[in-house]
Amino acid sequence: MRKVTYSMGVSLDGYIVGPDGGFDWTAPDAEVFRFWIDEIREVGVHLLGRRLYETMLYWETADQEASLDDAELEWAALWNPLPKVVFSTTLSAVQGNARLASGGLAEEIERLRAEPGEGDIAIGGATLAAEAAASGLIDEYRAVVYPVLVGGGIPFFPRHERRVDLELAETRTFGSGVVYLRYRVAS
């Protein structure tokens with residue numbers, strides 16, 4: 001069965017964006033960007049909330065910019081054809097290889113798990129991940145921890161009143177001080 005993974009950049013104090021909505025501190029250096037490229041290769045479909053979808057729209061046409069380096073072109077070549085499902089109550093249409101979710105998150109994940117297909121079901125966006133976590137649908141949490149304290153904002157981990165035991169599956173430390181932590185939900 002396909003795994004459901006939640007992977008995002010996070011500040012050391014646990015936020016994916018700061019109190020002002022900014023996340024410029026997550027701009028990856030070359031080594032971390034290479035990691036993200038390698039990670040996206042393992043994804044078969046990406047589930048996104050509206051805010052992350054709108055942020056990632058940049059990549060729909062980025063490959064037409066002369067200023068992109070080889071790694072950025074490689075990312076765009078992987079990201080653009082990747083099937084995406086967008087969960088939004090305000091969007092009426094989406095672009096590229098994306099579709100609006102027609103049902104709820106749990107139903108969508110159940111349907112995707114039942115379909116033949118390779119690669120993980122990745123969730124992006126804290127609100128969407130919180131909904132999946134509350135339903136016990138996330139199999140792995142993958143935090144790319146940046147050495148910064150932002151003091152508030154949108155938390156990486158959902159605030160729900162349930163304990164989730166995790167097993168450390170992998171760690172990696174980058175030269176920039178960024179640390180990758182991959183945890184499996186304990187069975």
Side-chain angles (χ1 to χ4, degrees), residues 1-18 23 26 28 32 35-56 78-79 82-89 91 94 97-146 150 152-174 178-187:
M1 186 182 304
R2 297 165 84 179
K3 289 184 300 208
V4 176
T5 64
Y6 170 42
S7 180
M8 292 193 76
V10 57
S11 64
L12 183 59
D13 55 349
Y15 298 96
I16 63 165
V17 298
F23 54 94
T26 65
V32 174
F35 166 81
W36 285 116
I37 290 170
D38 293 342
E39 184 174 86
I40 203 69
R41 289 181 191 286
E42 305 300 317
V43 174
V45 60
H46 208 293
L47 311 182
L48 302 93
R50 179 194 53 81
R51 282 184 294 228
L52 183 59
Y53 166 74
E54 289 176 340
T55 299
M56 297 302 287
L78 293 166
W79 178 258
L82 181 66
K84 297 168 213 57
V85 181
V86 181
F87 291 81
S88 173
T89 57
L91 294 175
V94 291
N97 199 20
R99 67 175 173 81
L100 283 169
S102 55
L105 178 61
E107 295 83 12
E108 187 69 38
I109 289 173
E110 185 178 309
R111 187 182 66 69
L112 289 167
R113 280 185 164 163
E115 286 180 356
E118 295 186 22
D120 296 335
I121 300 167
I123 294 181
T127 303
L128 198 58
E131 183 181 340
S135 299
L137 297 172
I138 296 178
D139 300 307
E140 288 189 2
Y141 290 86
R142 300 173 178 183
V144 179
V145 183
Y146 287 80
V150 297
I154 298 174
F156 176 87
F157 292 104
R159 305 288 188 242
H160 54 77
E161 311 260 334
R162 126 181 140 80
R163 176 178 165 156
V164 178
D165 292 322
L166 305 172
E167 299 169 346
L168 183 62
E170 181 182 359
T171 64
R172 180 172 171 186
T173 302
F174 298 93
V178 170
V179 177
Y180 170 66
L181 303 168
R182 181 168 66 96
Y183 286 93
R184 281 187 209 98
V185 173
S187 29

| field | From Thr5 atom OG1 to Arg182 atom CZ, the distance as rounded to the nearest 0.5 Å | value | 10.0 Å
| task | Give the minimum heavy-atom separation between Leu52 and Leu48, together with the two atoms involved. | result | CG-CD2, 3.9 Å
| request: Could I get the full list of salt bridge (Lys or Arg N to Asp or Glu O under 4.0 Å) partners for Glu42, not counting sequence neighbours? | output: none
| If every non-hydrogen atom of Ile138 is compared with every non-hydrogen atom of Ala132, which pair is closest and at what distance? | CG1-CB, 3.8 Å
| request: Using ring-ring contact (aromatic ring centres under 6.0 Å, His included) as the criterion, list what pairs up with Phe87, not counting sequence neighbours. | output: none
| request: Would you name the heavy atoms of Ser7 and Trp36 that are closest together and state the gap between them? | output: OG-CZ3, 3.4 Å
| message | With rounding to the nearest 0.5 angstrom, report the CZ to CZ distance, Phe35 to Phe174. | response | 5.0 Å
| query | Which pair of heavy atoms, one from Ile16 and one from Phe23, lies closest together, and at what distance? | reply | O-CB, 3.7 Å
| remark: Those residues at least two apart in sequence (or on a different chain) that pass ring-ring contact (aromatic ring centres under 6.0 Å, His included) with Tyr183 are none
| message | Just so I know, are the side chains of Arg2 and Val45 near enough to count as touching, which here means a heavy-atom distance under 4.5 Å? | response | yes
| note | Applying side chain to side chain donor-acceptor pair (under 3.5 Å) to Asn97 and not counting sequence neighbours gives none
| request: Could you list the residues that satisfy side chain to side chain donor-acceptor pair (under 3.5 Å) with Thr26, not counting sequence neighbours? | output: none
| field | Exercise: identify the closest heavy-atom pair between Lys84 and Leu82 | value | NZ-O, 2.6 Å
Give the table of side-chain donor-acceptor pairs shorter than 3.5 Å for residues 116-130, with sequence neighbours excluded, one pair per line with atom names and distance.
{"unit_1": "Asp120", "atom_1": "OD2", "unit_2": "Arg142", "atom_2": "NH2", "d": "3.4"}
{"unit_1": "Thr127", "atom_1": "OG1", "unit_2": "Arg51", "atom_2": "NH2", "d": "3.2"}

| said: I need the minimum non-hydrogen distance between Ala106 and Leu137, along with the two atoms involved. | reply: CA-CD1, 3.7 Å
| task | Using ring-ring contact (aromatic ring centres under 6.0 Å, His included) as the criterion, list what pairs up with Phe156, not counting sequence neighbours. | result | Tyr6
| field | Pairing residues for Val86 by the side-chain contact (heavy atoms from CB on, under 4.5 Å) criterion, not counting sequence neighbours | value | Tyr53, Ser88, Leu91, Val94, Ala98, Leu100
| request: Apply side-chain contact (heavy atoms from CB on, under 4.5 Å) to Thr173 and list each qualifying residue two or more places apart in sequence or on a separate chain. | output: Val179
| field | Any pair counted as salt bridge (Lys or Arg N to Asp or Glu O under 4.0 Å), so long as it reaches residues 122-133, sequence neighbours left out | value | none
| query | Of all residues at least two apart in sequence or in a different chain, which pass the salt bridge (Lys or Arg N to Asp or Glu O under 4.0 Å) check with Glu107? | reply | none
| task | Nearest 0.5 Å please: distance from the CG atom of Leu12 over to the OH atom of Tyr146. | result | 13.5 Å
| To the nearest 0.5 Å, what is the distance between CD (Glu170) and CG (Leu181)? | 10.0 Å
| Counting heavy atoms not belonging to Glu110, are there more than 12 under 6.0 Å from its CD? | no
| Non-neighbouring partners of Glu108 that pass salt bridge (Lys or Arg N to Asp or Glu O under 4.0 Å), sequence neighbours left out | Arg99, Arg111
| query | Distance-only, no hydrogens or angles: does the Asp139 side chain make a donor-acceptor pair with backbone N or O of Val4 under 3.5 Å? | reply | yes
